[in-house]
Protein chains: 2
Amino acid sequence: MHLKLRILKALSDETRLNILEFLRDGEKCVCEIVPYIGTSQSNVSQHLRILKDANVLTDRKEGKSIYYSIVDGDIYRCLDDLEGIAENAVRRLLEIY
Amino acid sequence: MHLKLRILKALSDETRLNILEFLRDGEKCVCEIVPYIGTSQSNVSQHLRILKDANVLTDRKEGKSIYYSIVDGDIYRCLDDLEGIAENAVRRLLEIY
DNA sequence: TAAGTATATAAATACATCATTATATATTGG
DNA sequence: CCAATATATAATGATGTATTTATATACTTA
C-alpha cells in the first residue's frame, strides 16, 4: 500500500487523533498515554503500532518505559489545515439556512 | 462524528484518492469518472456519495448528467503535504540502509 | 408516451478494522 | 533469581467498509 494512503488510514480514527493531540507538546511514554486516552493498555498499544507502522510515530526505549513521539511535525500542519477545511464547511452549511 | 474525522475517512481509500486526482483540473461528470476509475458505475457512485457526505465534493445536475467537483481546493494542499510527508519518510527509511 | 441513457439506491457478500481478553516479553528492584 | 511493572502480541468477536448484482429514478429524444 502506498505510504500516503497508510498515513491517511492511520489518521482516520478518533483514538489515534487523540493520541496525536496528546503528543503535540513532545514525547510521552505509554504509561502516560494510556490513562489520558482512557481505554485499555492493549488497545492503546495497538493504536500506537498502527501509527508507528505508518511512520507517523517513532518510539524510544528508556528503562522499563517506551516513549513515543512524532516523526515529522508537518503532520500537525496537515491536521490543522483539515480542521480549518472542516470548520469552513460547517460554516457554509450553517450560512445556507 | 466530527467532520474532520469524516473527511479523513473519506480520503482514506485508493479509489477515492484517484477520483480526487481526476477532479484536480475541474468538474467532471460521472460518465467521465467511471471509465477513468475503471470499476462499476455503481461502485463509483457510492464512492462519490461518501465524498459528498464528507463535504469534500458537491454535484450539479445538467441534463442527464451529474457533474462533481471539489468544494474546497485547500484539500489538495493538504493531500500534497501528505504526499511530501510520505516521500520524506521513505527517503529517511532508505538513507538508513 | 415509450425507449434509451445517466445515475442512484438496495441488498448481499466479502473483507478490513476495532475492542476485548488472555498471554508473552522485557526490565528493574529486592 | 523472583516478583512486580511496563509494554507488546495473539486470538476472538463485533462492527464497519468495499464490491457486486440487481433494480429504481430521472431526464431526453424519437
Side-chain angles (χ1 to χ4, degrees), chain A residues 1-23 26-71 82, chain B residues 1-23 26-71 82:
Chain A
M1 200 203 317
H2 190 286
L3 183 56
K4 177 165 79 167
L5 185 53
R6 185 180 295 201
I7 294 174
L8 277 167
K9 283 179 189 285
L11 299 179
S12 301
D13 178 89
E14 188 150 36
T15 300
R16 294 195 288 272
L17 286 180
N18 288 336
I19 291 174
L20 293 180
E21 287 309 315
F22 190 52
L23 293 178
E27 67 173 12
K28 295 269 162 46
C29 86
V30 180
C31 65
E32 295 172 290
I33 300 171
V34 168
Y36 176 79
I37 296 298
T39 177
S40 70
Q41 176 269 317
S42 165
N43 193 215
V44 168
S45 182
Q46 286 170 95
H47 283 299
L48 289 170
R49 182 167 42 76
I50 288 169
L51 287 165
K52 192 182 159 191
D53 286 350
N55 284 277
V56 174
L57 297 183
T58 26
D59 59 354
R60 173 180 79 81
K61 186 182 271 190
E62 185 179 316
K64 275 186 292 194
S65 297
I66 296 186
Y67 289 83
Y68 279 86
S69 60
I70 291 288
V71 169
L82 269 175
Chain B
M1 199 202 318
H2 189 286
L3 184 55
K4 177 166 79 166
L5 184 54
R6 185 180 295 199
I7 294 172
L8 277 167
K9 283 178 189 285
L11 299 179
S12 301
D13 178 271
E14 188 150 38
T15 300
R16 292 195 289 271
L17 286 179
N18 288 336
I19 290 174
L20 293 180
E21 287 310 316
F22 190 52
L23 293 179
E27 65 172 12
K28 296 268 162 47
C29 85
V30 180
C31 66
E32 295 171 289
I33 299 171
V34 168
Y36 175 79
I37 295 298
T39 177
S40 68
Q41 175 268 317
S42 164
N43 192 215
V44 168
S45 181
Q46 285 168 97
H47 283 299
L48 289 170
R49 183 166 40 77
I50 289 168
L51 287 164
K52 193 182 159 191
D53 286 351
N55 283 277
V56 173
L57 296 184
T58 27
D59 60 353
R60 174 178 79 80
K61 187 181 270 190
E62 184 179 316
K64 275 188 290 193
S65 298
I66 296 185
Y67 288 83
Y68 280 86
S69 59
I70 292 287
V71 169
L82 269 174

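Lettering of chains follows the sequences in order, A, B, ..., and the numbering in each one begins at 1.
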What protein N or O atoms touch nucleotides 10-17 of chain C N or O atoms at under 3.5 angstrom, if any, and at what distances?
unit_1 : atom_1 : unit_2 : atom_2 : d
C:dA10 : N6     : B:S42  : OG     : 3.4

Practice task
Between A:T15 and B:C29, name the one whose nearest nucleotide on DNA chain C is closer to the 5' end.
Solution key: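 The residue closer to the strand's 5' end, by nearest nucleotide, is B:C29.
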
Handout entry: With A:L51, the side chain to side chain contact (heavy atoms under 4.5 Å, CB included) member among A:L23, A:L57, A:I70, A:T58
Key =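 Answer to the side chain to side chain contact (heavy atoms under 4.5 Å, CB included) test with A:L51 among A:L23, A:L57, A:I70, A:T58: A:L57.
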
Exercise for the section: Pick out which of B:I50, B:D53, B:N55 makes a side chain to side chain contact (heavy atoms under 4.5 Å, CB included) with B:R6. Expected result: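 The passing option is B:D53.
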
Exercise for the section: Output the distance between atom CG (B:L8) and atom CZ (A:R16), rounded to the nearest 0.5 Å. Expected result: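 Here the interatomic distance stands at 10.5 Å.
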
Practice task
Quick one: pull up CG in B:L48 and OG1 in B:T15 and give me the separation to the nearest 0.5 Å.
Solution key: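 Rounded to the nearest 0.5 Å, the CG-OG1 separation comes to 10.5 Å.
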
Taking [atom1] from [X] and [atom2] from [N], how many angstroms apart are they, rounded to a whole number?
| X | N | atom1 | atom2 | answer |
| --- | --- | --- | --- | --- |
| B:R6 | D:dG16 | CZ | C1' | 14 Å |
| B:L48 | C:dA6 | CG | P | 16 Å |
| B:L57 | C:dT7 | CG | C1' | 15 Å |
| B:N43 | D:dA22 | CG | C1' | 15 Å |
| A:K61 | D:dT7 | NZ | P | 11 Å |
| B:D53 | D:dT17 | CG | C1' | 14 Å |
| A:D59 | C:dT27 | CG | C1' | 15 Å |
| A:K28 | D:dA6 | NZ | P | 18 Å |

Nearest atoms (heavy-atom pairs only) where [X] meets [Y]:
| X | Y | answer |
| --- | --- | --- |
| A:R60 | A:E62 | NH1-OE1, 2.8 Å |
| A:V34 | A:T39 | CG1-O, 3.7 Å |
| A:Y68 | A:V30 | CE1-CG2, 3.6 Å |
| A:S12 | B:K9 | O-NZ, 3.4 Å |
| B:L11 | A:L5 | O-CD1, 4.4 Å |
| B:L3 | B:A54 | CD1-O, 3.6 Å |

Problem - Donor-acceptor pair present, B:Q41 side chain and C:dA6 base, under 3.5 Å - result: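 Such a pair does not exist between side chain and base.
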
Problem - Neighbours of DNA chain D within residues 62-69 of chain A, by heavy-atom distance under 4.0 Å - result: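 Heavy-atom contacts with DNA chain D come from A:K64, A:S65, A:I66, A:Y68.
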
Practice task
Mind listing the residues from residues 30-39 of chain A sitting with a heavy atom below 4.0 Å of DNA chain D? Number order is fine.
Solution key: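 When residues 30-39 of chain A is checked for heavy atoms under 4.0 Å from DNA chain D, the hits, listed by number, are A:V30, A:C31.
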
Practice task
For the side chain of B:S40, starting at C-beta, report the closest nucleotide among C:dT9, D:dT21, C:dC18.
Solution key: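 Comparing C:dT9, D:dT21, C:dC18 against the side chain of B:S40, the answer is D:dT21.
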
Practice task
Just compare C:dT9, C:dA26, D:dT9 and give me whichever is closest to any side-chain atom of B:S45.
Solution key: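 Of the candidates, C:dT9 comes closest.
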
Handout entry: Under-4.0 Å side-chain N/O to phosphate OP1/OP2 contact, A:H47 with C:dA19
Key =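 Indeed, a polar side-chain atom of A:H47 lies that close.
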
Handout entry: Side chain A:Q46, main chain A:S42, donor-acceptor under 3.5 Å
Key =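 Yes; at least one donor-acceptor contact below 3.5 Å.
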
Practice task
May I ask you to establish whether B:K28 and B:F22 are in a cation-pi arrangement, using a distance under 6.0 Å from NZ or CZ to the six-membered ring centre and at most 45° from the ring axis?
Solution key: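 Output yes; distance and angle both within limits.
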
